[in-house]
Amino acid sequence: MTKKVAVVTLGCPKNQVDSEVMSGLLAQNHIFIENPEEADVIIVNTCTFIQSAKEESIEAIFEMASLKKTGACQTLIATGCLAQRYGSELMQDIPELDGVLGTGNIDEITKLVQETEKKRTSLIKQGAPDFLHNELMARIRSTPDYLAYVKVAEGCDNYCTYCVIPYVRGHFRSRPQESVIHEVQEMAAQGVKEILIMGQDTTRYGQDLYEELRLPQLIRELARIEGIEWIRLMYCYPERFTDELIETMRQEPKVCKYIDLPLQHADNKILKDMNRRGTIEQAETLIGKLRTAMPDITIRTTMITGFPGETEQEFQSIVDFIQRVQFDRLGVFAYSQEENTPAGQREDQVPPEVREKRRDQIMKIQQDISRQRQQRWVNRVVTVLLEMKLPDGRWMGRTEGDAPEIDGQVYIPDTQISLQEGDLVKVRILEADNYDLMGVVVS
């Protein structure tokens, strides 16, 4: 009898792409379903980026393990970053777990499922993971029909002192440009309108394969694909953000005037301790260039509070910086002490309560900044991608300045105009709060 398989995904969109690839591979020999309660085989694709992500992943494994008693589950497998990092420990501590699969073994998921029918099995390559998916691999997208994530590279060579990604994802490696183009062409044929371009270090795309930064050229090629309307850039490190990339974004109407620029701190000493390249002055110059080229650009960043050794003065550097630069979107993480990282082994750890207090302080400041930045859209007409009709009749959608899942929404009252999910419509903005906009469709 053909078994039913469900995949539960945690963590970032890059992990989601891995789940979609595994789902596609499994669907060739199994029946793929969404509800894990009805599945014979459950795959939990885990995250290990920070402590809270690890805890969430472990909780999900235990939750799915309970379905061996209350559901149809016969086989439970953990994949992803937590499995790569702690595979042996997971198998030892969770007897309900039948198998673990490393990030370098994604293409062996069907093999693992078959082997776990006979015995508990681990498939984790020794050394750095080197798997890289291509356009020929089956993939079942879990996103809406109009939206797709496009992972153009895997791994990371930055070795930030607080981060485990290079150890669980391997060295940075770009996909060939032709592979990405063919994949997006297929997506466009399936009705995809918005693609999100990403890697662990997206702006580095192509350097390893072509000995030059190829992201601008890739974007121009993708923009030629009929049916693709929005191209959104995520996870763009500032030190490789070239003038050519800025000019490509400015000239190409399909590229969303939006950038995700993870800076992590605003004090040069802390940035050096983090092993981040470049200075905060260089980052501020880049932001100035982006806003000069594209005055309406939405800029998102992330900050980490309470990095080891962070003084009140160094924390104040973040406060001063965000008040001066005025980001449209900003996320904050309280530093997470990760074992076997250089930062995690330092003795000058900032107490957790101080890390969290500083995080909350930054978020409070940013709320006021976001509210002020949002007001510039009031009385303007913007393009909105419709995502959902709510039970009260209103429509919910996003502007090009809002990435799915992490940014704000646009709410539109019910209208006599015939609309459907995935439509791009013109909306006049009437109100704005800290994160969301409210408006009406205009003809």
Side-chain angles (χ1 to χ4, degrees), residues 5 7-26 28 41 43-49 53-54 57-58 61 75-92 94 97-116 119-140 149-160 163-176 179-180 183 198-202 204-205 207-209 235 338-341:
V5 179
V7 178
V8 177
T9 304
L10 299 112
C12 66
K14 296 182 289 292
N15 215 33
Q16 186 171 339
V17 173
D18 292 345
S19 287
E20 292 174 353
V21 171
M22 286 190 289
S23 299
L25 294 171
L26 288 165
Q28 296 177 40
V41 180
I43 315 292
V44 182
N45 196 14
T46 63
C47 177
T48 188
F49 181 56
K54 286 189 285 188
S57 293
I58 292 170
I61 292 171
T75 304
L76 177 63
I77 292 171
T79 67
C81 293
L82 190 74
Q84 175 69 34
R85 191 178 181 194
Y86 298 110
S88 298
E89 291 90 334
L90 291 173
M91 289 290 279
Q92 180 178 327
I94 307 177
L97 203 56
D98 298 290
V100 293
L101 186 81
T103 57
N105 305 72
I106 288 173
D107 54 338
E108 297 183 278
I109 183 62
T110 301
K111 174 184 174 182
L112 179 64
V113 170
Q114 292 170 346
E115 291 194 3
T116 53
K119 62 177 182 177
R120 300 179 80 215
T121 307
S122 297
L123 288 180
I124 300 177
K125 287 183 180 177
Q126 297 299 311
D130 58 3
F131 171 78
L132 191 63
H133 90 273
N134 61 56
E135 81 283 7
L136 300 178
M137 289 184 173
R139 179 176 167 188
I140 297 178
Y149 293 108
V150 180
K151 185 155 60 169
V152 299
E154 182 58 272
C156 185
D157 286 336
N158 290 327
Y159 288 91
C160 298
C163 184
V164 301
I165 295 300
Y167 308 102
V168 297
R169 287 285 178 177
H171 294 296
F172 182 85
R173 49 206 188 274
S174 302
R175 292 175 57 193
S179 174
V180 177
E183 183 177 47
M198 60 187 188
Q200 298 294 344
D201 182 354
T202 306
R204 190 173 183 168
Y205 172 75
Q207 191 173 53
D208 56 319
L209 280 183
Y235 309 105
E338 295 301 312
E339 60 184 338
N340 300 322
T341 60

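Here the structure is a predicted model, which is why all the values come from computation and not from measurement. In what follows, every heavy atom counts, from backbone to side chain, and hydrogens, waters and symmetry copies are set aside.
- Taking OG of S122 as the start and CG of N105 as the end, the distance is 10.0 Å to the nearest 0.5 Å.
- Shown here for C156 and P166, the closest heavy-atom pair between the two residues is O-CB, 3.4 Å.
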Check the pair I43, L26 against side chain to side chain contact (heavy atoms under 4.5 Å, CB included), reporting the backbone distance first and the verdict last. CA-CA 10 Å; I43 315 292; L26 288 165; 4.0 Å; yes
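- For the residue pair D201 and N158, a side-chain donor N or O sits within less than 3.5 Å of a side-chain acceptor on the partner.
- With rounding to the nearest 0.5 Å, the separation of OG1 in T46 from OH in Y86 is 11.0 Å.
- Legend: residues meeting salt bridge (Lys or Arg N to Asp or Glu O under 4.0 Å) with R85, ordered by chain and number and at least two apart, are E338.
- Proximity of the aromatic rings of Y205 and F172 is defined here by a centroid distance below 6.0 angstrom, and this criterion is not met.
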Using side chain to side chain contact (heavy atoms under 4.5 Å, CB included), reason through V180 and V150 one step at a time and then give a plain yes or no. CA-CA 8 Å; V180 177; V150 180; 3.8 Å; yes
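- The distance from the NE2 atom of H171 to the CG atom of D157 is 6.0 Å, given to the nearest 0.5 Å.
- In terms of modelled atom types and a separation under 3.5 Å, the side chain of R120 and the main chain of M91 share a donor-acceptor contact.
- Here the side chains of Y167 and N340 are not in contact, with every heavy-atom distance at 4.5 Å or above.
- Under the side-chain contact (heavy atoms from CB on, under 4.5 Å) criterion, I94 pairs with I61, F62, L90, E96, L97, not counting sequence neighbours.
- Applying the side chain to side chain donor-acceptor pair (under 3.5 Å) test to Y235 and every residue at least two apart in sequence or in another chain returns nothing.
- In terms of heavy-atom proximity, A153 sits nearest to S174 at CB-CA, 3.9 Å.
- Contacts of D130 classified as side-chain contact (heavy atoms from CB on, under 4.5 Å), with partners at least two apart in sequence or in another chain: K125.
- The side chain to side chain donor-acceptor pair (under 3.5 Å) search around N134 returns none, not counting sequence neighbours.
- Residues that satisfy the side-chain contact (heavy atoms from CB on, under 4.5 Å) test with C47, not counting sequence neighbours, are F49, A53, S57.
- Between M22 and T79, some side-chain heavy-atom pair lies under the 4.5 Å cut-off.
- For the pair L112/I77, a side-chain contact is recorded, criterion being any heavy-atom separation below 4.5 Å from C-beta on.
- Interatomic distance, Q16 CD to L10 CG, rounded to the nearest 0.5 Å: 11.0 Å.
- Residues S19 and N45 come closest through the heavy atom pair OG-ND2, 2.8 Å.
- Between V100 and I124 there is a side-chain heavy-atom pair separated by less than 4.5 Å.
- Applying the salt bridge (Lys or Arg N to Asp or Glu O under 4.0 Å) test to E183 and every residue at least two apart in sequence or in another chain returns R139, R175.
- Between A78 and A83, the shortest heavy-atom contact is O-CB, 3.6 Å.
- For the residue pair G104 and Q84, the shortest heavy atom distance occurs at N-OE1, 3.9 Å.
- Nearest heavy atoms, P129 versus V168: CG-O, 3.6 Å.
- Partners of S23 by side chain to side chain donor-acceptor pair (under 3.5 Å), not counting sequence neighbours: none found.
- T103 contributes no side-chain N or O that, together with a main-chain N or O of G80, makes up a donor-acceptor pair within less than 3.5 Å.
- Taking CG of L101 as the reference point, atom CG of D107 lies at 8.5 Å (rounded to 0.5 Å).
- When the salt bridge (Lys or Arg N to Asp or Glu O under 4.0 Å) test is applied to D208, no partner is found at least two apart in sequence or on another chain.
- E115 is linked by a side-chain contact (heavy atoms from CB on, under 4.5 Å) to K111, T121, counting only residues two or more places apart in sequence or in another chain.
- For Q28, the side chain to side chain donor-acceptor pair (under 3.5 Å) test picks out no residue, with sequence neighbours left out.
- Results of the salt bridge (charged side-chain N to carboxylate O under 4.0 Å, His left out) test with E154 over R173, R169, K14 single out R169 as the only residue that passes.
- Residues meeting the salt bridge (Lys or Arg N to Asp or Glu O under 4.0 Å) test with D98, sequence neighbours left out: K68.
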